[in-house]
2 protein chains.
Amino acid sequence: MVTSRDVARLAGVSQSTVSYVMSGRRSISPETRRRVESAIAELAFQPNAGARALKSQRTRVIGLVVPFGPDADTSGLLPFIETIAHCAREQDHDILLVTRDEGSAGLTRLAARSLCDAVVLMDIETHDARIPVAAGLAVPVILIGLPAEPLGLPCVDLDFERAGRLAVEHLAATGHDRIVLIGHPRPTVAREVNFVGRFRRGATAAAAAHGVPCTVVDQPERGPRGVSAALDEALGCGEPSPGGRLGVVVHDTEAVQPVLTAAAGRGRLPGRDLSVVGLCPDVLAEGTTPPVTNVSLEPRDVSRRAMRTLFRLLDPGGAGPVAPVELISPRLTRRRTTLTG
Amino acid sequence: MVTSRDVARLAGVSQSTVSYVMSGRRSISPETRRRVESAIAELAFQPNAGARALKSQRTRVIGLVVPFGPDADTSGLLPFIETIAHCAREQDHDILLVTRDEGSAGLTRLAARSLCDAVVLMDIETHDARIPVAAGLAVPVILIGLPAEPLGLPCVDLDFERAGRLAVEHLAATGHDRIVLIGHPRPTVAREVNFVGRFRRGATAAAAAHGVPCTVVDQPERGPRGVSAALDEALGCGEPSPGGRLGVVVHDTEAVQPVLTAAAGRGRLPGRDLSVVGLCPDVLAEGTTPPVTNVSLEPRDVSRRAMRTLFRLLDPGGAGPVAPVELISPRLTRRRTTLTG
DNA sequence: TTGAAAGCGCTACCAA
DNA sequence: TTGGTAGCGCTTTCAA
């Protein structure tokens, strides 16, 4: 292992000078800087992370708690992780992965062992037992999601009410006179991930405002059978008046393609016989058959905002006030599953 | 922050005794042990990771290089990450995430800064520029994938030749007289991820052995258009003799559902008019419409084996010999897209 | 502009 | 069976 002492020896300076060259925390003569820098390059020196953390009380690591585990909504997770990792590296920080199945213990471990400087907590339930623990940690925590009681922790999330509104307003504007909202499988609803309620609230409020009747249907179980059952209920749910138009809003990202396929299989082609709007990432919507009109989830925007806020909390100087809740606006993109009109 | 000194003070023992109680590296009287343990519990003490790493030269962290970045095959990635994280935690280790877009620099950073004790490198290309760098690191590295020259690094991967063979043999055994293999989009093929060649080799060899004509068709581009084009070519590719049976093997996991949908859209229903076998995880195969006969990718088995080998490498005592290449056997599960026969 | 040295919290050696 | 203590590699204060 190459240490800063080796660099110092090679450059003919003291260890502290090497440290100051790297941190830039005091002025160094050009000649000394040159010698030190070339020694660093020659030895390919990089500072030992443990020693640095021990002395500076900064690990340059961000803990990321991801929703792995039984019946977690894992679809569309990767763009979050990817963006978070990317933002961390931009600030020369790394990502330490902690899985949800560790529960609160994972959080206390991160803080008590000084494994990281800050924590990103994903997949927040409405009444999430980890929130009080997170709020008591010695390191800043940011939530991706919106619990009932954030206990002072900053939250970043998609504006799901707005997403529901967008979907319904699109259908209302294109002349639909009946709207069915297909929701999540029972287990997910039971976990009370709070975006479920927010999306519904936005959708039903918009439907009421536009005077369009709107029904909510959940999937009785996970998987294609659950989707089929929900769709049957949706299609049976009062045919629109003869010549009327039915719009289906699919809240569950994983159910979007199955709904399209199942509807087509029943001879009701999306975009010809009824409309479908899905809540899902653009990349998925482009890939469905047919390409589905979608309200995007904006995982990259949400993640970027979360990381921006996190680094602001970490910044010793800045310490500017941080918004308690940041909601990212979704976008609706019309594709092939909206009836013309 | 609670330190081992605080614990020692509270328990009325020396700091070293606290350390020995935690590590179990020397015998402690029951009474002392009791006092120390209750002090640890009372203060909720956990050892500082940086200090421990500095002294012991062991970080208890595994670096995981994941294939995030442009045109990475990111489908089916989560089970790998999840299993690797799980195995790491079983040994009280953590996972530090590094993305592929850092290239070799990410690897040297991990080692030079002593950020981790070992590295798992995923998504290996046939001629991967990171291999020589990885082979030169001071920490053990394990590859998930099989490069042309592993340079002594242990490799774990699915047995893709066997996977190709399984798919073709299933179709041969069910009386198909024409086989088309739909491959990956051009960009992926160009990157020479080596399982592409291995799968094809296995498939074509098995076809030759069974005397069934077999054609390989690539997707000209990424996305549904690429799939459509490939399928058209596949269907046009010489109709089997009248009354004959066509079997399509889909190598690209992301193309499995699109192929099913596109075939049905052309009036050729998988399982009725032709057979489709996909290379994809079971969970995906169960969810397609119709459920597709699949050769599994066994991400959990592959990951578990990789981690088992890695910890063997890390174990100071064990140091047993490690197999240079471990290939995991895929399984074929017949579902609804195989013609009866 | 630079150097010497203390000390972060832990492990493990040497003594007792 | 236990305690004292050196030192891991770094940052930063105090001196020069």
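All values derive from a computational prediction rather than experimental measurement. Numbered from 1 within each chain, the chains take letters A, B, ... in sequence-line order.
Of the residues in residues 26-37 of chain B, those with a non-hydrogen atom less than 4.0 angstrom from any atom of DNA chain D are Arg26(B), Ser27(B), Ile28(B), Ser29(B), Thr32(B).
Contacts classified as salt bridge (Lys or Arg N to Asp or Glu O under 4.0 Å) and involving residues 18-30 of chain A (residues at least two apart or in different chains) are not found. For residues 84-120 of chain B, every residue pair satisfying the ring-ring contact (aromatic ring centres under 6.0 Å, His included) rule, not counting sequence neighbours, is listed here: His93(B)-Phe311(B).
The C1' atoms of five pairs define one axis at each end of the helix from dT1(C)-dA16(D) to dA16(C)-dT1(D), and these two axes lie 40° apart (to 10°).
Expressed to the nearest 0.5 Å, how far CG of Asp94(B) lies from SG of Cys116(B) amounts to 12.0 Å. Atom-to-atom distance recorded for Asp6(B):CG and Thr3(B):OG1 is 3.5 Å, nearest 0.5 angstrom. Atom-to-atom distance recorded for Ile84(A):CD1 and Thr99(B):OG1 is 13.0 Å, nearest 0.5 angstrom.
Nucleotides of DNA chain D that come within less than 4.0 Å of any heavy atom of chain B span, from the 5' end to the 3' end, dT1(D) to dG9(D).
Here Asp101(B) does not pair with Arg130(B) in a salt bridge; the nearest charged N to carboxylate O distance is not below 4.0 Å. Of the charged side-chain nitrogens involved, none lies within less than 4.0 Å of a carboxylate oxygen, so that Asp159(B) and Arg305(B) do not count as a salt-bridged pair. Salt bridge status for Arg300(A) with Glu82(A): present, with a side-chain N to carboxylate O gap under 4.0 Å. Between Asp301(B) and Arg304(B) there is a salt bridge, with a side-chain nitrogen of the basic residue lying less than 4.0 Å from a carboxylate oxygen of the acidic one. A salt bridge between Arg34(B) and Glu37(B) is absent, with no side-chain N of the basic residue lying under 4.0 Å from a carboxylate O of the acidic one.
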Can you tabulate the close N/O pairs, meaning under 3.5 Å, that link protein atoms to atoms of nucleotides 8-12 of chain C?
from, atom 1, to, atom 2, distance (Å)
dG9(C), N2, Ala51(B), O, 3.4
dC10(C), OP1, Asn48(B), N, 3.1
dC10(C), OP2, Ser4(B), N, 2.5
dC10(C), OP2, Ser4(B), OG, 2.9
dT11(C), OP1, Arg52(B), NE, 3.1
dT11(C), OP2, Ser19(B), OG, 3.1
dT11(C), O2, Lys55(B), NZ, 3.4
dA12(C), OP2, Arg25(B), NE, 3.3
dA12(C), N7, Tyr20(B), OH, 3.4

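Side-chain atoms of Thr17(B) and Ser14(B) include a donor-acceptor pair closer than 3.5 Å. Donor-acceptor pairing under 3.5 Å is recorded for the side chains of Asp117(A) and Thr59(A).
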